[in-house]
Amino acid sequence: MKFTKEHEWLRVEGDLVVVGITEHAAEALGDVVFVELPEPETVVAAGSEVCVIESVKAASDILAPVEGEIVAVNEKLSDNPGLVNEDPMGDAWFFKMKIDDLAVLDDFMDEDEYKDMIG
Amino acid sequence: MSDLLRLPLHELHVGLGGKMVPFAGYEMPVQYPAGVMKEHLHTRAAAGLFDVSHMGQVILRPRADMADLALALERLMPVDVLGLGQGRQRYGLFTDDTGGILDDLMFANRGNHFFLVVNAARKGHDFAHLQRHLAEVATVEVQGERALLALQGPLAEAALSRLEPGVAAMKFMDSAIFLTEFGEIWVSRSGYTGEDGFEISVHPGGATELARALLAMEEVLPIGLGARDSLRLEAGLCLYGHDIDETTSPVEAGLTWAIQKARRAGGAREGGFPGAARILGELDEGPERLRVGLRPAGRAPMREGTALYATDGTPLGAVTSGGFGPSVGEPVAMGYVPAAHAAIGSALEGEVRGKRLPVTVAAMPFHPTHYKR
């Protein structure tokens with residue numbers, strides 16, 4: 001598993017990248033009450049806003065970690081946004097992307113580096 | 001947060017795992033480890049303890065008699081002060097000459113003086129306002145040291161009466177003083193959550209012990225500012241600086257219930273408060289715009305600042321408070337719209353992240369209130 005500075009985790013599943021937010025991020029957001037998912041089959045640029053998470057406190061964005069095509073979204077989050085707090089690193093993935101070259105993931109942090117970053 | 005002030009219960013909050021944030025110049029707990037949602041629901045189901053010591057507490061002691069002071073206060077508020085009985089508390093509003101709201105407050109008649117609680121962000125203004133207008137008839141005694149706790153929820157009476165049995169006999173908006181092991185406590189049966197409950201002013205020497213005694217009870221959890229905000233929003237109550245301010249009149253804000261008959265046209269002491277021409281005019285003819293409750297159709301919260309439109313695209317106003325209502329289970333909001341769009345059931349649109357989403361004008365409170373009348 002890889003991690004971004006924006007507190008997202010990236011997991012390789014076959015030729016796809018699954019994206020979610022870390023436990024640390026979910027805790028900081030507080031109770032999540034609404035998730036706006038992207039449209040599947042959209043091509044997104046790295047750093048573009050693809051999801052919105054609303055917690056009891058505020059709205060925040062999830063950015064596309066790399067350029068690619070959104071091929072699946074986790075509809076479970078629409079009905080049960082609280083899943084983000086219950087299982088952020090597992091069931092509460094946000095979307096799956098198809099990217100040209102999985103090697104770009106090497107640039108992201110591994111778990112130890114991420115843990116160092118959040119202290 | 002070095003330039004922020006700390007309140008008497010600071011160490012207690014930190015010890016409880018409270019997440020401290022700057023608020024109105026103080027370090028305040030926004031939530032505890034339970035989180036906003038659980039804290040909110042616990043308050044509605046059992047009892048929540050809030051530290052609201054940042055609010056301003058002041059005693060107005062008459063130089064001559066209480067009636068003179070009551071009439072002087074009536075020159076600052078469109079509210080019946082003279083008619084408030086001993087041991088009773090009432091909601092009040094300081095208005096300005098344009099009919100705008102300078103602050104909202106609670107005031108209690110405690111026999112030989114009035115006790116006022118005003119908003120934290122407005123206390124400097126309010127103390128100066130009182131000093132300027134009332135110095136001839138009263139001494140203005142700021143209670144800068146005292147802590148203020150709120151115990152709210154259906155089990156608040158059971159919890160507090162274990163420490164002071166006398167509170168059980170109090171009714172909504174009663175105000176009383178009790179001598180307890182925590183020193184003298186000044187109790188009112190009131191709050192800002194829509195639930196039954198108490199607000200308790202206590203000397204700093206007894207504040208932490210009182211809070212600990214309440215928190216030791218099974219039904220009481222500490223509640224932060226986050227849940228305080230969602231609770232008052234569901235109760236349809238205004239937050240000064242957001243839902244009401246100098247640009248909104250009490251009539252626009254839907255606070256006409258706070259303007260008793262004695263101060264209205266034809267009343268015993270009609271007018272005679274700042275902004276009377278506008279406020280009495282709006283009572284007679286209706287205001288141009290009104291604060292309304294809003295229920296977004298989808299799950300996306302419409303937060304403060306969300307622009308509101310008619311379904312034909314005409315701009316109408318904006319959301320002044322909004323978020324997710326944990327007890328309602330859906331987003332709720334309030335905001336101002338022209339009177340023609342203010343009827344319950346009116347279909348509007350709110351713009352969230354560039355998209356116009358349906359929202360309906362709805363009755364407030366969003367969650368039924370449970371005051372002990």
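Residue numbers begin at 1 in each chain, while the letters A, B, ... track the order of the sequences.
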Taking side chain as everything from C-beta outward and backbone as N, CA, C, O, which of these in [X] sits under 4.5 Å from a heavy atom of chain B? Side chain, backbone, both or neither.
X       : answer
A/Glu54 : both
A/Val35 : neither
A/Ala59 : both

Tell me whether the count of non-hydrogen atoms from other residues, nucleotides or ligands lying under 6.0 Å of CD in A/Glu23 goes above 12.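 Incorrect, the count does not exceed 12.
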Would the number of heavy atoms belonging to other residues, nucleotides or ligands and lying under 6.0 Å from CD of A/Glu6 be above 12?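 Check passes, neighbour count above 12.
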Determine, stepwise, if the pair A/Glu36 / B/Arg353 fulfils salt bridge (charged side-chain N to carboxylate O under 4.0 Å, His left out). CA-CA 11 Å; A/Glu36 190 175 289; B/Arg353 294 180 282 274; 3.7 Å; yes
For the atom pair NE2 (B/His40) and CG (A/Asp31), what is the distance rounded to the nearest 0.5 Å?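 Separation between the atoms: 11.0 Å.
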Within residues 71-82 of chain A, the residues sitting under 4.5 Å from chain B by heavy atom, in sequence order, are A/Ser78, A/Asp79, A/Pro81
For chain B, which residues from residues 101-119 of chain A lie under 4.5 Å away (heavy-atom distances)?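 Counting heavy atoms that sit under 4.5 Å from chain B, no residue of residues 101-119 of chain A is involved.
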Quick check: do A/Val33 and B/Pro301 have side-chain heavy atoms less than 4.5 Å from each other? yes
Side chain from CB out, backbone as N, CA, C, O: work out which of these in B/Arg299 comes under 4.5 Å of a heavy atom of chain A, or both, or neither.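 Looking at B/Arg299, backbone and side chain both touch chain A.
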Which bit of B/Gln31 comes within less than 4.5 Å of chain A, counting heavy atoms only: side chain, backbone, both or neither? side chain
